[in-house]
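A quick write-up on the structure given underneath.
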Amino acid sequence: MEYKFREIEKKWQQYWTATGVYKVSNNSNKPKYYVLDMFPYPSGAGLHVGHPLGYIASDIYARFKRLKGFNVLHPMGYDAFGLPAEQYAIDHGIHPAVSTENNIRNFRKQLDNIGFCYDWSREVRTCDPKYYKWTQWIFLQLFNSWYNRKQNRAEKIQNLVTIFENYGCDESIVHRPGNVPPFTATEWKRFSEKQQQDILMEYRLAYCGYGEVNWCEALGTVLANDEVVNGVSERGGFPVVKKKLRQWYLRITEYADRLLEGLEKVEFSDAMKEMQSNWIGKSSGAEIEFRLTPNPSPGGEGSTASQEMTGKFFKTANTRFWQILKQYGRENRKNQTEAENILWGKIRNNQLGIKVRRQHSIGGYIVDFAILEKRIVIEIDGAYHHTEEQKIFDETRTEFLKEFGIEVLRFTNQEVIENTANVVKKIAEVLNSKQTDTSLLREEKRQGDEAKLTVYTTRPDTIFGVDFMVLAPEHELVEEITTGEHWQEVQDYLSYVKSRSERERMAEKKITGVFTGAYAIHPFSGKKIPVWVSEYVLIGYGTGAIMAVPCGDERDHRFAKHFNIPITNIIGSEYNGEEANPTRDAILHNSDFLNGMVMKDAIEVVIGKLEKMGIGKRKVNYKMRDAAFSRQRYWGEPFPIVWKNGIAIPLDEKELPLQLPHVESYKPGREGEGPLANIPEWTERNLETNTMPGYAGSSWYFLRYMDPHNEEEFCNRKASDYWGQVDLYIGGTEHAVGHLLYSRMWTKFLYDMNWIGHDEPYKRLVNQGMIQGSSRFVYRVTGKNKFVSFGLKENYQTTPIRVDVNIVDGVELNIEAFKKWRSGEYANAEFILEDGKYICGLETEKMSKSKFNTVNPDDIVEKYGADTFRMYEMFLGPVELSKPWDTKGIEGVYRFLKKFWRLFAQEQKGLIVTNEPATKDELKTLHKTIKKIEEDTERFSFNTAVSAFMIATNELTDLKCHKRSVLEPLLILLTPYAPHICEELWHQLGHSTTILDEVYPAWNEQYLVESTKNYPVAINGKTRTELTIELDANQEQVEKLVLDNEIVQKWLEGKSPRKIIYVKNKMINVVV
RNA sequence: CCGGAUGUGGUGAAAUUGGUAGACACGUCAGACUUAGGAUCUGAUGCCGCAAGGUGUGGGGGUUCGAGUCCCUCCAUCCGGACCA
């Protein structure tokens, strides 16, 4: 009776499917256990041997838990929306739905080959409308919710509306985002619907805004960061610029603290927790306001200008500003002054009963006329060319003004000139329909006197070490404060920065920046501090502006050195003049009232003083930004949103799922919107044209597995309460900060809304390492069709060529296969051999088709069987570690399984298992193994577990043990690792039900106890001999035994030992 | 640049708490059985050395009776950095 794995594996896989062994019920008296794999993206390339590593580990654990008496949920599905399918569609014209379906079929076949115990009746696919109906539904819940910071949980947006109706935006009840002006309940009720909705949008957990994307005009598409190299597209090398597009976001920042705190109650590796908390990047420090020195403008054109720098949102234009706007295309307007002057004549001097301001600047834009008390802006459009630039400019401005609840009235030159009275009448009408609202005036007055620069710092203690300020290039003050003489230089710098991706900005060591000509005033010393612009300051973090302290911050230091900015030393001898010292423990020097204080103690002192002065406040900051939740792509979940007059209106739940329509072209829309913008039926309904990103569906799939066929709810509460958290989650570290954070946020949200009863999705997370490819090289003699073996290549001039690993046996090239490889390209090649063989070179790299180093698990399973494959993957090394794949080593595991088989059966005699009682040695092997396997399995040390199986098999073979009482428990132990062979032998032994329903054996300590131990004896820490000593020997007895020993005496050379260290059950060390 | 991980024989690795470094395998060498072996079995195998012995866990330094393991420092490789999933 031979080990015929092909027959055996096929037979049992069919049996398991036919009898539904892996079907799991939501009702059970057993305790539950949920083992989950990160579901795969079904790529066209199929599985390579690296993919199943985690699946095998989880499969072993799931089977192990089942044998231990748990009701185990172990499902699998597909993360099936995503860019590659769309790219494939563009390249090959095959619809993503079709290629995805094909890929899934192929994946399933490959997975089935390996004998996993998934309950396939619970499969989910994120691209299935039955599934994404609920992704859309959850999105709607996020859209219809806001984060109540006072309660520290999400709530329905309706609660917020009620607050506004009763109290307005009262900051003692509700926080007020930066873009929302303060308002009263009465004001709220008088706001237009649009104004109200715009305010609510500032609170919604899923919200819409404008974000920058990498836009490639030539390709007509939005690119991922890694598709942009050196400012040009990776494909084609076309220029890439940043472009603002409408984007959806998830307000994950509201959950930052809870995501951080939640890490304390989950079992993730420390590395994983650290990565997540670094990503969240909580830091505490202070926001400090610096006054800016008055910036005299050269005067001239636009002379209504005030000579003063003014506040953040409102200021009167000055000359330089006027020039910027001209750059944006105002020069295209005709007859500007004429129409403007005519109207101005009719509305100036309170002719409308209210003050009208001419050429007033709001938030960096100049408007023609403004009536601040009524929040009205009047624009007169010339017959300018409808350029792209002008359009974007207008749109952006209108959006901006809307955010402040300002209504924009537009008239054309013609209208004004030909029918001035009508225009004035219209203005008056609108004016009368509006309530007077002086908040803008108040705001202007408050900020109107001088401009301030707000910086965020974690080190307020270093305030006397500030030598310069740096603004991010996108900072709104940049253009405002730049003086005339630095104008051109700053503009050039900004356009340089615009051409670079954020990734490049972070990656390059180059120090760049430019002086704006402006100065900030030190709040304590009154010193003038130059203000610079540099890309090393990121707009998205803090306030987008920093106070630079070169002696304490490395980046500031390099910057100061590079631009020869004098450095103030505030830490005395702790600063050596060569490099910054970021210490918190130095004594402060040159720091006025802080002198002599330890830095970390000074932090509080400075914050206290700033707060008293009203120019600073304590501030907690997060590096994490809100998550961009839309893609300008086709193959994703459509947003259940309709746009109406600039208001996003959610579809009714009954209309879900909003099905992804069929498209013929995957080209993006004209303005860079997603391909859905090209479908008339879609745009006619004013449906949102973006789609959701890849992580939408994966943020909650673990819940759907619990109740996969529910058509009424995303997951019944009873089911989610029964299964609860995922007890064990296995997947790669590459998802450390993306998927894991998003799914944790969704879980917390669903918990806040009371739809599930737990707020952390995963109890324990194990990260499997990558299996790398082991590439093989042949060396072609330059200019000839001749290849030289690895060891002899130094004698020739050669070019290395990657060769398919599958035609190399270890490092020996299969020459015949090589000749046939690549349609016989090398059919006539000659070979220079060493010892009659062609030896290849090898290198470890990422496994990929293009490197010819992928190995298909199907081939391995065909040659050695699934059980061997499973065990070999585990035997390679610790699951968490990355390691290269080498098919050659699999023989060892294969031999092991054959040897294991021979404990039960032999070729000639058939089954040879006896019912004789086991000997002491046999029991010792068995119980030692039970203990080791259980402990190793529990702590995920599968490689050592496999080795323990080998040791047990070797020992039992030596003992010629074929006894049922030893082998049956061993069979159960091995089942999780090699299910097919165990099921076969189990039935051979006369059982008729699946081995998975057996009970895991327990070890008995009494078979393991020893009375003596072989102690290593070291002299001065070097092991010299061994001594067998009774385990219960005491120090005195041991010392005598040791000193009597011949070898010890030899090493002592007559000297007497200073000390004898005896550690029970460990070792003995003699110190001379 | 920032963040994370990993460096141990020719190769994958083991050493769970500071206590015999290299378990278990691959490979290699020698041998047995055999018509044959890409089956099976036995033995050897870190390096230097005939041996005694010396030496050895990326490099350097430290703590300790004792360091692969703890501390400092340097180096190398791999992974991630938000539209690849």
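Each chain gets a letter, A, B and so on, in the order its sequence line appears, and its residues count up from 1.
Using P as the reference atom, B/A21 and B/U69 are 14 Å apart when rounded to the nearest Å. With both ends at atom P, the span from B/U57 to B/G9 equals 9 Å, rounded to whole Å. With P as the reference atom, B/G19 and B/C70 are 11 Å apart, rounded to whole Å. Distance noted for atom C1' between B/U20 and B/C65: 16 Å (whole Å). Spacing between B/G10 and B/U45 at atom P, rounded to whole Å, works out to 15 Å. Between B/U77 and B/G68, the distance separating the two P atoms is 26 Å to the nearest Å.
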Taking only nitrogen or oxygen atoms into account, show me every contact under 3.5 Å that the protein makes with nucleotides 47-49 of chain B, one pair per line with its distance.
none

Please write out the pairs of protein N or O atoms and N or O atoms of nucleotides 61-66 of chain B separated by less than 3.5 Å, giving the distance to one decimal.
residue, atom, partner, partner atom, Å
B/C65, O2', A/Asn1069, ND2, 3.4
B/C65, O2, A/Asn1069, ND2, 2.7

Protein and nucleotides 34-41 of chain B: nitrogen or oxygen contacts under 3.5 angstrom:
residue, atom, partner, partner atom, Å
B/U40, OP1, A/Lys898, NZ, 3.2
B/U40, O3', A/Arg902, NH2, 3.3
B/C41, OP1, A/Arg902, NH2, 2.9

Short N/O separations, protein against nucleotides 3-8 of chain B, under 3.5 angstrom:
residue, atom, partner, partner atom, Å
B/G3, O3', A/Asn278, ND2, 2.9
B/G3, O2', A/Asn278, ND2, 3.3
B/G4, OP1, A/Glu274, OE2, 2.2

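Residue contacts for A/Ser630: at a heavy-atom cut-off of 4.0 Å it reaches a base atom on one of the strands shown. Backbone-only contact: A/Gly82 has heavy atoms under 4.0 Å from sugar-phosphate atoms and none from a base. Looking at heavy-atom distances under 4.0 Å, A/Glu2 makes no contact with the nucleic acid at all. No contact: A/Val1017 has no heavy atom under 4.0 Å from any strand. Using a 4.0 Å heavy-atom cutoff across all strands shown, A/Tyr41 reaches sugar-phosphate atoms only and no base atom. Nucleic acid contact for A/Pro40: none, since no nucleic acid atom lies under 4.0 Å from a heavy atom of the residue. Base engagement by A/Glu1026 is indicated by at least one non-hydrogen atom pair under 4.0 Å involving a base atom. At a threshold of 4.0 angstrom between heavy atoms, the contacts of A/Lys932 include nucleobase atoms, whether or not backbone atoms are also involved.
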Identify each donor-acceptor pair in which a side-chain atom of residues 690-697 of chain A lies under 3.5 Å from a protein atom, sequence neighbours left out, and give them as a table.
residue, atom, partner, partner atom, Å
A/Asn690, OD1, A/Gln632, NE2, 2.9
A/Asn690, ND2, A/Arg246, O, 3.1
A/Asn690, ND2, A/Glu688, OE2, 3.0
A/Thr691, OG1, A/Arg633, O, 2.8
A/Tyr695, OH, A/Ala628, O, 2.8

Indicate every side-chain donor-acceptor pair of residues 871-879 of chain A with a distance under 3.5 Å to a residue at least two apart or in another chain.
residue, atom, partner, partner atom, Å
A/Tyr872, OH, A/Asp886, O, 2.5
A/Glu873, OE1, A/Leu53, N, 3.4

Practice problem: Determine, step by step, whether A/Phe777 and A/Cys840 satisfy the side chain to side chain contact (heavy atoms under 4.5 Å, CB included) criterion, reporting the C-alpha distance in whole Å, the side-chain angles of both residues, the deciding distance to 0.1 Å, and the verdict. | Solution: CA-CA 5 Å; A/Phe777 290 84; A/Cys840 298; 5.8 Å; no
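In this structure, A/Tyr894 has its ring center no closer than 6.0 Å to that of A/Phe896.
With rounding to whole Å, A/Asp886 atom CG is found 17 Å from B/A25 atom P. One atom, CH2 of A/Trp248, and another, C1' of B/C83, lie 18 Å apart when rounded to the nearest Å.
For the residue pair A/Thr929 and A/Ala952, the shortest heavy atom distance occurs at OG1-CB, 3.4 Å. Residue A/Ser698 comes nearest to A/Ser743 through the heavy atom pair O-CB, 4.2 Å, listed as atom of the first residue, atom of the second, then distance. A/Tyr977 and A/Ile933 make their closest contact through CE1-CG2, 4.4 Å (heavy atoms, listed as atom of the first residue, atom of the second, distance).
For B/G27, the O4'-C1' to base torsion is more than 90° from 0; the nucleotide is therefore anti.
A/Glu938 meets the side chain to side chain donor-acceptor pair (under 3.5 Å) test with A/Tyr61; sequence neighbours excluded. Legend: residues meeting salt bridge (Lys or Arg N to Asp or Glu O under 4.0 Å) with A/Lys282, ordered by chain and number and at least two apart, are A/Asp257.
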Quiz item: If the sugar-phosphate is the primed atoms plus P, OP1 and OP2 and the base is the rest, what is the B/S/- string for nucleotides 73-78 of chain B, using protein heavy atoms under 4.0 Å?
Solution: -----S
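Within residues 939-949 of chain A, the residues having any heavy atom under 4.0 Å from RNA chain B are, by residue number, A/Arg939, A/Asn943, A/Thr944, A/Ser947.
Using the six-membered ring where Trp is involved, A/Trp248 and A/Phe639 have ring planes that are parallel, under 30° apart on the 30 and 60° scheme. Aromatic ring orientation, A/Phe107 versus A/Tyr78: perpendicular (interplanar angle above 60°, classes split at 30° and 60°).
Side-chain nitrogen and oxygen atoms of A/Thr126 include none within less than 4.0 Å of the OP1 or OP2 phosphate oxygen of B/A85. In terms of phosphate contacts, A/Arg633 brings no side-chain nitrogen or oxygen within less than 4.0 Å of OP1 or OP2 of B/A85.
Side-chain polar atoms of A/Tyr701 and A/Asp79 form no donor-acceptor pair below 3.5 angstrom.
Under the side chain to side chain donor-acceptor pair (under 3.5 Å) criterion, the residue pairs touching residues 949-960 of chain A are A/Lys899-A/Asn954, A/Thr925-A/Glu955, A/Lys928-A/Glu955, with sequence neighbours excluded.
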Quiz item: So what does the secondary structure string of RNA chain B come out as, 5' to 3', with Watson-Crick or wobble pairs under 3.5 angstrom, [ ] for crossing and | for pairs with another strand?
Solution: (((((((..(((......[....)))((((((.......))))))(((....)))..(((((..]....))))))))))))....
